[in-house]
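Because only heavy atoms are used, hydrogens play no part in the values below, and waters and symmetry mates are left out as well, while side chains stay in.
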Protein chains: 2
Amino acid sequence: MADPRWLTDDERSAWLNLASVLELLPGALDAQLLRDDDLTHFEYFTLASLSEAPERTLRIKALADMTNATLPRISRVLTGLEKAGLITRSLCDNDRRARNVTLTEKGWSAVVQAAPRHVENVRRLVFDRLTPEQTAQLSSIAESLLGELDPEGRMFTVPASGSGSGDVPG
Amino acid sequence: MADPRWLTDDERSAWLNLASVLELLPGALDAQLLRDDDLTHFEYFTLASLSEAPERTLRIKALADMTNATLPRISRVLTGLEKAGLITRSLCDNDRRARNVTLTEKGWSAVVQAAPRHVENVRRLVFDRLTPEQTAQLSSIAESLLGELDPEGRMFTVPASGSGSGDVPG
DNA sequence: AGGTATTGCTTGTACCTACAACTATCAGTT
DNA sequence: AACTGATAGTTGTAGGTACAAGCAATACCT
């Protein structure tokens, strides 16, 4: 077994802390959304992504890329959201293989209703714990990691403070 | 709907970037371990936790706490690892409800074999992208978040082990 | 046009995980 | 000792996700 570059003490401690966060934070996000709004975090993120799109409409493939979902995954999630009346599927004009997904009024209401509580939870779990300097550091660090994790920038990568209008945070 | 404390632009960008990392990094970790060593990251973490315990043995409940797993989850994962010959279950002396889990020689070998590649992957995905300052910042930030996510420090406290020599990073 | 590869999406199958129910055991009370 | 409640662990069942297969439509190439 070739001698690997091991981790320094600093790296090791950073890694253990980060690994714990990776294990715990998604569950904490899911739990609040499920409890308060009967949505998984992925479903919420899906709806929120749609809410920010022009006409609140996206092609399924584009939505899958933005949410880092496989096509099978997004397909089944959309089936569930469609049954709940939160989205509708329709044919795509210029490509008859493809389908458009549109947020319904009910879906829009669901996002608008869920967003404040979700934001409050994010604030409680993350930003209330960090200084403004740490928030900036975190953004920069996460952006660096995305360079390797998502080199094509498929998922939202926000380099700096671009102003969203009245949109719903993901 | 009460007016929520919204996110500032900095917070919003930090959150979108962090959310993307939360979505992508676990998959990237799992993919490498599955491909190279036929282990999920959770299985690897389980074996690594055992490898650091005294006598390479832990009670199932303690293992569940350290890995943030529910008892049903750890139970089934252990069943799989037992079938693969990587761990054994045995009765606990002082509490006949409980069981001890012990890493077998084969399990120890599996961790030792997987560790360098896993570490290399962690380095490639994370630390090669960060300056030493950012590594320190990340550790501090993650530690702050754990204050809310894991107030009792369950995932950290590896019960002081006597066999600290040839340990394997989690 | 005709043929082949690729893309967009859905569905079959298998695995993983959570919640709940269940057994067995322990701890505290009377 | 008997009773009650809590704890350790396993298993039934349901829901989510991935991989692979499948169908429809497009793109490319000659």
Side-chain angles (χ1 to χ4, degrees), chain A residues 22-35 38-47 57-84 87-102 152 154, chain B residues 22-35 38-46 50 57-84 87-102 152 154:
Chain A
L22 290 177
E23 182 71 32
L24 296 168
L25 188 46
L29 295 169
D30 268 339
Q32 177 270 322
L33 279 164
L34 277 172
R35 175 168 46 81
D38 197 33
L39 290 172
T40 65
H41 181 251
F42 182 77
E43 288 170 332
Y44 173 81
F45 191 73
T46 300
L47 295 177
T57 297
L58 284 171
R59 287 180 50 162
I60 289 181
K61 179 65 162 76
L63 189 55
D65 284 349
M66 288 169 56
T67 57
N68 186 44
T70 58
L71 247 2
R73 180 183 180 188
I74 200 76
S75 177
R76 284 176 157 120
V77 168
L78 289 176
T79 298
L81 295 175
E82 193 171 32
K83 278 179 188 163
I87 61 107
T88 56
R89 285 188 247 224
S90 55
L91 294 176
C92 185
D93 288 347
N94 38 348
D95 188 341
R96 279 187 294 182
R97 293 172 297 185
R99 305 224 171 169
N100 287 329
V101 191
T102 303
E152 289 144 16
R154 298 184 316 167
Chain B
L22 290 177
E23 182 70 33
L24 295 167
L25 188 47
L29 294 170
D30 266 340
Q32 177 269 323
L33 279 164
L34 277 171
R35 175 168 45 80
D38 197 33
L39 290 173
T40 65
H41 182 251
F42 182 77
E43 288 170 332
Y44 173 80
F45 191 73
T46 299
L50 276 174
T57 297
L58 284 171
R59 285 181 50 162
I60 289 181
K61 180 63 163 76
L63 190 54
D65 285 348
M66 289 170 55
T67 57
N68 187 44
T70 58
L71 247 2
R73 180 183 181 187
I74 200 75
S75 177
R76 284 175 157 120
V77 168
L78 289 176
T79 299
L81 295 174
E82 193 171 31
K83 277 180 188 163
I87 60 105
T88 56
R89 283 188 248 224
S90 56
L91 295 176
C92 185
D93 289 347
N94 38 347
D95 187 340
R96 279 187 295 182
R97 293 171 299 181
R99 304 226 171 168
N100 287 330
V101 190
T102 303
E152 291 143 15
R154 297 183 315 168

* Asked: Base, sugar-phosphate alone, or nothing: which one does I60(A) contact when heavy atoms must sit under 4.0 Å apart?
  -> sugar-phosphate

* Can a side chain N or O of R96(A) be found less than 4.0 Å away from OP1 or OP2 on dT26(D)? -> yes

* Whole-Å distance between dC15(C) P and R76(A) CZ? -> 15 Å

* Structure fact -> Closest of dT11(D), dT26(D), dG9(D) to the D95(A) side chain is dT26(D)

* When the distance from CD of E43(A) to C1' of dG15(D) is rounded to whole Å, what number comes out? -> 11 Å

* Structure fact -> Rounded to whole Å, NE2 of H41(A) lies from C1' of dG15(D) at a distance of 19 Å

* Ion pair present between E23(B) and R73(A), side-chain N to carboxylate O less than 4.0 angstrom? -> yes

* **Rounded distance (Å) that lies between atom C1' of dA20(D) and atom CG of L71(A)** => 14 Å

* For atom CD of E82(B) and atom P of dG9(D), their distance in whole Å -> 13 Å

* **D30(A) (side chain) donor-acceptor with H41(A) (main chain) under 3.5 angstrom** => yes

* Structure fact -> Whole-Å distance, F45(A) CZ to dT17(D) P, equals 14 Å

* **Spacing of L34(B) atom CG relative to dT17(D) atom C1', expressed in whole Å** => 13 Å

* Structure fact -> From the list T57(B), T88(B), I74(B), I60(B), side-chain contact (heavy atoms from CB on, under 4.5 Å) partner of V101(B) resolves to I60(B)

* Asked: Nearest of dT25(C), dA20(C), dC19(D) to any side-chain atom of R97(B)?
  -> dT25(C)

* Gap between atom CG of D65(A) and atom OG1 of T70(A) - 0.5 Å precision -> 11.0 Å

* Asked: Nearest of dC26(C), dT11(C), dG8(C) to any side-chain atom of K61(A)?
  -> dG8(C)

* Asked: Which part of the nucleic acid, if any, lies within contact of R59(B), taking any heavy atom under 4.0 Å across all strands shown: a base, the sugar-phosphate backbone alone, or nothing?
  -> sugar-phosphate

* Asked: Taking the side chain of R99(B) as its heavy atoms from C-beta onward, which of dT17(D), dG9(D), dG8(C) lies nearest to it?
  -> dG9(D)

* **Side chains of L91(A) and R96(A) in contact at under 4.5 Å (non-hydrogen atoms)** => no

* Hey, does the side chain of T70(B) come within less than 4.0 Å of dA18(C)'s phosphate (OP1/OP2), counting only N and O? -> yes

* Verify the contact: side-chain N or O of R73(A) to OP1 or OP2 of dT17(D), cut-off strictly under 4.0 Å; return yes or no. => yes

* A98(B) side-chain proximity, nearest of dC19(C), dT11(C), dG9(D) -> dG9(D)

* Atom CG of D65(B) and atom P of dA8(D): how far apart are they, to the nearest Å? -> 8 Å

* Would you say dT10(C) has OP1 or OP2 under 4.0 Å from some side-chain N or O of R89(A)? -> yes

